[in-house]
Amino acid sequence: QVQLVESGGGLVQPGGSLRLSCAASGSIFSISALGWYRQAPGKQRELVAAITNGGTTNYRDSVKGRFTISRDNAKSTVYLRMNSLKPEDTAVYYCRLAQLAYEYWGQGTQVTVSS
C-alpha cells in the first residue's frame, strides 16, 4: 500500500553534511508519524529522529543540535539534514512511516563517515 524511497546516502568526511530524503507514495491518508532510524553492524536499530503529524519533533541525544528532521506534505517527503557528522554516525539509515496499525520501512541507505 505504501512505498518509501530513500536517497542521499553516501560517503562523507567527519564534520561534513548530508541530507537524506524519503519520498512516500501509495495509499497515504492518515500518517501518525514519520521517522529516521539507523543500524550499525552488530548493533540494535535505534531511533534517530521523528516527527508527528502535528509537527512535534524528537531526537536521540547524540544527534541533538546536529540533525534536523523536516517534512514536505505536498511532496509526501520527509528529510533528515545531518551536520557535523561523526564516524559514530556511520550506519544504514531507514525511513519509517506509521499509519493506523501499520508501519512501513524504506530499503535503507548507507551513510559512512570516514576520512
Side-chain angles (χ1 to χ4, degrees):
Q1 291 278 57
V2 177
Q3 296 287 110
L4 303 177
V5 180
E6 300 169 318
S7 62
L11 175 64
V12 65
Q13 294 183 332
S17 298
L18 210 58
R19 188 174 82 157
L20 306 182
S21 299
C22 175
S25 62
S27 185
I28 303 170
F29 55 89
S30 184
I31 299 174
S32 296
L34 292 162
W36 289 94
Y37 291 70
R38 68 187 182 188
Q39 186 169 22
K43 297 184 179 180
Q44 298 289 316
R45 186 172 298 186
E46 62 186 23
L47 173 69
V48 178
I51 184 167
T52 69
N53 61 349
T56 301
T57 58
N58 184 48
Y59 302 89
R60 72 179 300 105
D61 288 343
S62 62
V63 308
K64 288 181 179 178
R66 300 190 297 121
F67 291 12
T68 303
I69 187 171
S70 62
R71 66 185 180 188
D72 185 332
N73 292 334
K75 297 181 179 180
S76 298
T77 301
V78 62
Y79 305 94
L80 183 68
R81 169 63 71 180
M82 303 182 291
N83 295 324
S84 302
L85 283 162
K86 305 175 180 179
E88 48 263 49
D89 294 319
T90 296
V92 177
Y93 284 69
Y94 298 89
C95 176
R96 174 183 177 269
L97 181 154
Q99 179 173 257
L100 300 180
Y102 297 89
E103 64 177 10
Y104 306 88
W105 293 87
Q107 79 286 352
T109 183
Q110 177 71 46
V111 172
T112 302
V113 185
S114 176
S115 59

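Computed from a prediction, not measured in an experiment: that's the story for all the values here.
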Non-hydrogen atoms of [X] and [Y] that approach each other most closely:
{"X": "A49", "Y": "L80", "answer": "CB-CD1, 4.1 Å"}
{"X": "L4", "Y": "C95", "answer": "CD1-O, 3.7 Å"}
{"X": "Q110", "Y": "T90", "answer": "NE2-CG2, 4.0 Å"}
{"X": "L97", "Y": "A24", "answer": "CD1-CB, 4.0 Å"}
{"X": "V111", "Y": "M82", "answer": "CG2-CE, 4.0 Å"}
{"X": "A91", "Y": "A40", "answer": "CB-N, 3.9 Å"}

Any chance you could lay out the salt bridge (charged side-chain N to carboxylate O under 4.0 Å, His left out) test for D89 and K86, step after step, and finish with the verdict?
-> CA-CA 5 Å; D89 294 319; K86 305 175 180 179; over 6 Å; no

Could you tell me whether the side chain of [X] and the main chain of [Y] form a donor-acceptor pair under 3.5 Å?
{"X": "Q99", "Y": "S30", "value": "yes"}
{"X": "R60", "Y": "L47", "value": "yes"}
{"X": "R81", "Y": "T68", "value": "no"}
{"X": "Q39", "Y": "Y94", "value": "no"}
{"X": "E6", "Y": "G108", "value": "yes"}

Determine whether E103 and W105 make a side-chain contact, defined as any pair of heavy atoms from C-beta on separated by less than 4.5 Å.
->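 Side chain of E103 against side chain of W105, heavy atoms only: contact under 4.5 Å found.
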
So do Y104 and Q1 actually touch side chain to side chain, heavy atoms under 4.5 Å?
->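 They are in contact (side-chain heavy atoms under 4.5 Å apart), so the answer is yes.
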
hydrophobic_cluster_shared for [Y] and [X], side chain cutoff 4.5 Å:
{"X": "F67", "Y": "V92", "answer": "no"}
{"X": "Y79", "Y": "Y93", "answer": "no"}
{"X": "L85", "Y": "L20", "answer": "yes"}
{"X": "V78", "Y": "Y102", "answer": "yes"}
{"X": "L18", "Y": "V63", "answer": "yes"}

Can R96 be said to sit on top of Y37's aromatic six-ring, NZ or CZ under 6.0 Å from centre and within 45° of the ring axis?
->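 Judged by the rule (NZ or CZ under 6.0 Å from the ring centre, within 45° of its axis), R96 is not positioned above Y37.
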
Interatomic distance, L11 atom CG to T112 atom OG1 [nearest 0.5 angstrom] =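 Here the rounded value is 6.0 Å.
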
Within 6.0 Å of NZ in K43, more than 12 heavy atoms from elsewhere =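 Counting neighbours around NZ of K43, 12 or fewer heavy atoms of other residues, nucleotides or ligands fall under 6.0 Å, so no.
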
Identify the residue among T57, I51, T52 that makes a side-chain contact (heavy atoms from CB on, under 4.5 Å) with R71.
->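 With R71 as partner, side-chain contact (heavy atoms from CB on, under 4.5 Å) holds for just one option, I51.
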
